[in-house]
Structures are given as C-alpha cells and as structure tokens.
Protein chains: 2
Amino acid sequence: MSTPPEVRILVVDDHYIVRVGLVALINTEPGLKVVGEADGGEQAVKLFQALRPDLVLMDLRMPGTSGHEATRLIRQLAAAARVLMLSAFDGDEDIHAALEAGAQGYVLKSATGEDLIPAIHAVAAGRRWIPREVATRLKSRQTYEQLTAREIDVLNQLARGLANKEIADKLGISEYTTKDHLKSILAKLRVADRTQAVTAALQRGIIRLSP
Amino acid sequence: MSTPPEVRILVVDDHYIVRVGLVALINTEPGLKVVGEADGGEQAVKLFQALRPDLVLMDLRMPGTSGHEATRLIRQLAAAARVLMLSAFDGDEDIHAALEAGAQGYVLKSATGEDLIPAIHAVAAGRRWIPREVATRLKSRQTYEQLTAREIDVLNQLARGLANKEIADKLGISEYTTKDHLKSILAKLRVADRTQAVTAALQRGIIRLSP
DNA sequence: GCGCATCCCCCTCGAAGGAGGGATGAAGAC
DNA sequence: GTCTTCATCCCTCCTTCGAGGGGGATGCGC
C-alpha cells in the first residue's frame with residue numbers, strides 16, 4: 001500500500017508576511033509541501049527551473065515581473081506547469097490576464113484555509129479552479145469591448161493627468177489622433193469623460209497608478 | 001530571577017492568510033504571544049475590551065471600520081493602548097492618519113521578521129517606531145496644504161467622474177461653490193486639472209476608489 | 001475583397017478652469 | 001469687547017479645453 005506522492009509547491013509573493021502565512025498553512029496540510037519561496041517574478045522563474053515543483057502558488061501583482069508575466073514564462077519552459085494565481089484584487093482584467101497567461105486557478109487573498117487547500121489540490125491534479133464570485137466577474141467582463149494596445153497607451157497617459165496635446169507629443173502622434181483614441185476609450189468603457197475613464201480603468205485593473 | 005512578562009498581542013487583518021503569517025511569525029519569537037485575532041475593525045475593538053492585550057498589530061486598510069478608526073476607538077477606551085499599524089501602502093495620508101489616530105508605530109507589509117519583531121518590542125515598551133522610509137514620506141507630506149472636509153467631499157465625487165453641476169446637486173450647493181472648492185483642491189494639491197487631482201489624491205491615500 | 005487598428009482633419013458647443021468680486025458664521029487672539 | 005482667520009457659500013466675465021459629430025487615409029492580416 002503506497003501513500004500518494006506529496007504535492008511540491010513553489011510559493012511566490014513579494015510580501016514576506018504573506019509567504020510565511022502560506023507556508024504555515026500549506027505545511028500543516030498532509031500531502032502538501034512548500035519546496036521553495038520566491039519574492040518576485042524573476043526569482044520565481046529561476047526557482048521553477050531549479051525545483052520543478054508540481055504547483056506554483058503565485059501572487060498576481062508584484063513589482064518588477066508581475067505574476068502573469070512570470071506565469072507566461074514558466075509555461076513556456078514547461079507547458080504542463082500548474083499555476084494557481086493568488087490575488088488581493090478581483091478586477092475583471094486581472095482575472096482574465098491570469099487565465100490568459102496560463103494559470104489554472106485563481107484564489108482571492110481573502111481566502112481562508114478551507115478555500116485555499118482544495119484549490120491547491122484541484123490545480124495540482126490538473127483541474128481548473130475558479131471560485132464562483134471570480135467567475136461572475138469574468139463573465140461581466142465580456143460585456144464591454146477590449147481596448148487596443150494604443151488605447152491603453154493613451155489611457156496610461158490620461159491617468160497621469162496629461163492633456164490631449166501632451167499625450168500627443170509623448171506618443172508622437174497628432175492631437176486629433178489622441179482625441180480619436182480617447183473617443184474609442186470613452187465608448188468602449190461606456191463612460192462620459194476622461195476622469196471616469198481613468199477610475200473605471202483602475203477599478204477593472206486595465207491600468208495602474210504609476211508611483 | 002524572574003523572566004520578563006510575555007507581550008500579549010492582538011492581531012487585526014482582514015486577510016486570513018496574513019493573519020496566519022503574523023501569528024506564525026510572532027509565536028515563534030520568545031516573549032511574544034498572539035492572544036487574539038480579529039478580521040475587522042469592529043471585532044478588533046470588541047476583542048481589545050475583552051482581552052486587554054499589551055499591543056494591537058493593526059492593518060490600516062480594511063473594509064468596514066478601518067484601522068485608524070479602530071485605533072481611535074481603542075485609544076478612547078484605553079489611552080495607554082499600544083497600536084502598531086501595518087500597511088501595504090506608503091501613501092503620505094495613510095501614515096499621517098495612522099499616527100493621528102494614536103498608533104505609536106507604522107510598519108510596511110513588505111517587512112520581514114527582522115523588521116517586524118523589533119518594531120513590536122519597541123512599541124510594546126512604549127517607544128515610537130517609524131522606519132526611515134516612512135518618516136521620509138511623512139516629512140514630504142508637510143510640503144502641501146491640508147484639504148478641508150468639504151474639499152474632500154468634492155474630491156470623492158470628482159473620483160466618481162461627476163461634473164461640477166452633478167457634484168453641486170449631490171452636495172446641495174451651487175455649481176459656483178463646487179468650482180470654488182475645486183479651485184482650492186487644484187491649488188493645494190498643486191495640479192492642473194481634475195483628472196490629476198483624482199490620481200494625486202489616490203496616490204496620497206486621501207481618497208479611495210469606491211467599488 | 002473585408003475588417004481592424006492606426007492615423008489625420010474639420011466643426012460645434014458646453015464644460016472646465018482662471019481671474020476677479022463678495023457674504024456669512026465660528027474659533028481664536030488680543 | 002474687537003479683530004483676524006478660515007471654511008463655506010454665492011456670483012460674473014472670460015478663455016481654453018474637452019467631447020462628440022462628421023469626413024477621410026494607410027497598412028496589416030485573413
């Protein structure tokens with residue numbers, strides 16, 4: 001009679017305290033074991049190559065290489081890699097980007113042990129794991145159109161408070177073109193003005209505030 | 001020869017995982033002990049009354065009663081209460097509000113055990129604990145003026161993307177007065193337009209995005 | 001061919017923002 | 001008591017900017 005093999009886990013989060021919590025939570029669970037910890041995306045990729053864990057528990061928003069970039073890189077190295085994304089945010093765009101990058105699961109940081117442990121087992125076993133509330137957000141996302149790369153460029157400048165002319169200079173286009181992009185942005189996000197566009201984009205996780 | 005008495009700690013954070021991390025970190029340290037956990041501000045006040053811990057380790061941003069509200073309430077109950085604020089954010093306003101509410105220390109969530117444990121000992125012993133990078137942010141804050149309550153009302157409506165007339169109706173004042181407040185806001189935050197005002201206020205932690 | 005992203009231009013009108021001018025009431029200094 | 005300060009409120013004039021309505025052009029992928 002053989003015991004089932006342990007699930008070897010790589011924990012990735014930029015906050016030391018969160019890593020301690022995850023490790024404590026996981027290592028008290030029979031059948032699960034943390035084999036490595038990374039404090040950022042670059043280190044996550046390196047440790048993945050060195051350790052080849054059965055599952056990566058990855059924070060989404062980190063300074064430097066983000067969680068979904070790291071996930072993409074890891075899945076290029078090993079298409080069968082299993083990634084469970086962990087995030088404090090439930091913005092539509094965050095969730096979509098995580099799954100797009102190849103994560104098989106998405107768990108919110110407000111999760112308790114009873115939420116997290118089954119998610120780990122499920123993803124390690126090759127199944128997908130999307131909590132109901134997350135799935136709902138993902139569906140609601142489809143109700144508005146996808147922004148183009150250029151529109152997101154403009155949006156980022158908008159969030160810095162630049163005027164149309166300034167954005168035009170920065171992006172090397174004419175003010176007219178900037179206004180055209182802005183028109184598309186307002187239409188796609190279904191908002192009335194630039195301020196609403198910025199707050200809507202921040203809430204949905206399309207852009208972030210630059211420090 | 002008597003051993004020094006244990007420091008009894010109440011841990012407050014809305015994220016279960018973070019609480020696990022903090023408890024694991026603290027309980028492995030001799031002389032420190034977690035005697036209670038709260039997942040929000042209301043529960044924190046209740047548990048403080050029941051447990052009378054030597055120190056409260058409090059998350060700043062929580063849904064419902066925030067960390068600084070809870071701190072204020074706790075210090076009304078016991079002026080000698082010791083609170084160490086824990087925050088993921090280093091916005092000037094967050095730091096100032098925490099100290100204003102009566103916290104004796106402020107530690108960032110990116111802190112490691114080596115950062116956190118001395119902070120706990122210091123605050124429990126009645127000393128103040130402000131990391132250098134936090135103190136720097138606090139000083140830079142003094143370089144711009146304090147907003148009035150009404151200006152912050154207007155700012156919150158601005159962040160929702162409302163026009164001056166809409167803000168005026170909402171707050172029950174004339175559009176002219178709204179524009180006056182806006183002028184003060186722009187001057188005090190030293191920005192050129194409403195969009196910059198919103199992003200600046202978000203970065204400094206003066207306002208938050210409403211979900 | 002088509003669709004789509006990107007780019008450029010014109011016009012119009014209302015909103016935003018910058019400059020003034022005041023009035024009131026509460027708080028604190030003297 | 002007065003005087004000052006400050007937050008709050010209201011108003012006018014003026015200029016620029018933002019936003020929405022058109023019209024096109026190019027290049028790319030399918």
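Given the structure is predicted, the values throughout are model-derived calculations rather than measurements. The sequence lines fix the lettering, A, B, ..., with proteins before strands; numbering per chain opens at 1.
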Query raised in the report: In Å, rounded to the nearest 0.5 Å, how long is the span from CG of A:D14 to OG1 of A:T65?
Result: 12.0 Å
Report task. Would you kindly check whether a donor in the side chain of A:D180 faces an acceptor in the base of C:dC8, or vice versa, at under 3.5 angstrom? Result -> yes
Requested in this report: Select from B:I173 and A:N164 the residue whose nearest nucleotide in DNA chain D is closer to the 5' end of that strand.
Outcome: B:I173
Query raised in the report: Do B:K183 side-chain and C:dG17 base share a donor-acceptor contact under 3.5 Å?
Result: no
Query raised in the report: Hey, is A:D13 close enough to A:K109 for a salt bridge, meaning N to O under 4.0 Å?
Result: yes
Query raised in the report: So what does A:S174 hit on the nucleic acid, given a heavy-atom distance under 4.0 Å: a base, only sugar-phosphate, or nothing?
Result: sugar-phosphate
Requested in this report: Between A:E151 and B:E175, just flag the one whose closest nucleotide in DNA chain C comes earlier from the 5' side.
Outcome: A:E151
Requested in this report: Taking only Lys NZ, Arg NE, NH1 and NH2, and the carboxylate oxygens of Asp or Glu, determine whether B:D59 and B:R19 approach each other closer than 4.0 Å.
Outcome: no
Query raised in the report: With nearest nucleotides of DNA chain D determined for A:T195 and B:H181 from heavy-atom distances, which residue corresponds to the more 5′ nucleotide?
Result: B:H181
Query raised in the report: Rounded to the nearest Å, what distance is computed from the NZ atom of residue A:K179 to the P atom of nucleotide D:dG22?
Result: 15 Å
**Report entry** Interatomic distance, A:R194 CZ vs C:dA15 P [rounded to whole Å]
**Finding:** 16 Å
Report task. Send over the distance from A:D193 CG to C:dG17 C1', rounded to a whole Å. Result -> 15 Å
Query raised in the report: side-chain contact (heavy atoms from CB on, under 4.5 Å) with B:T199: which of A:T199, A:T195, A:L209?
Result: A:L209
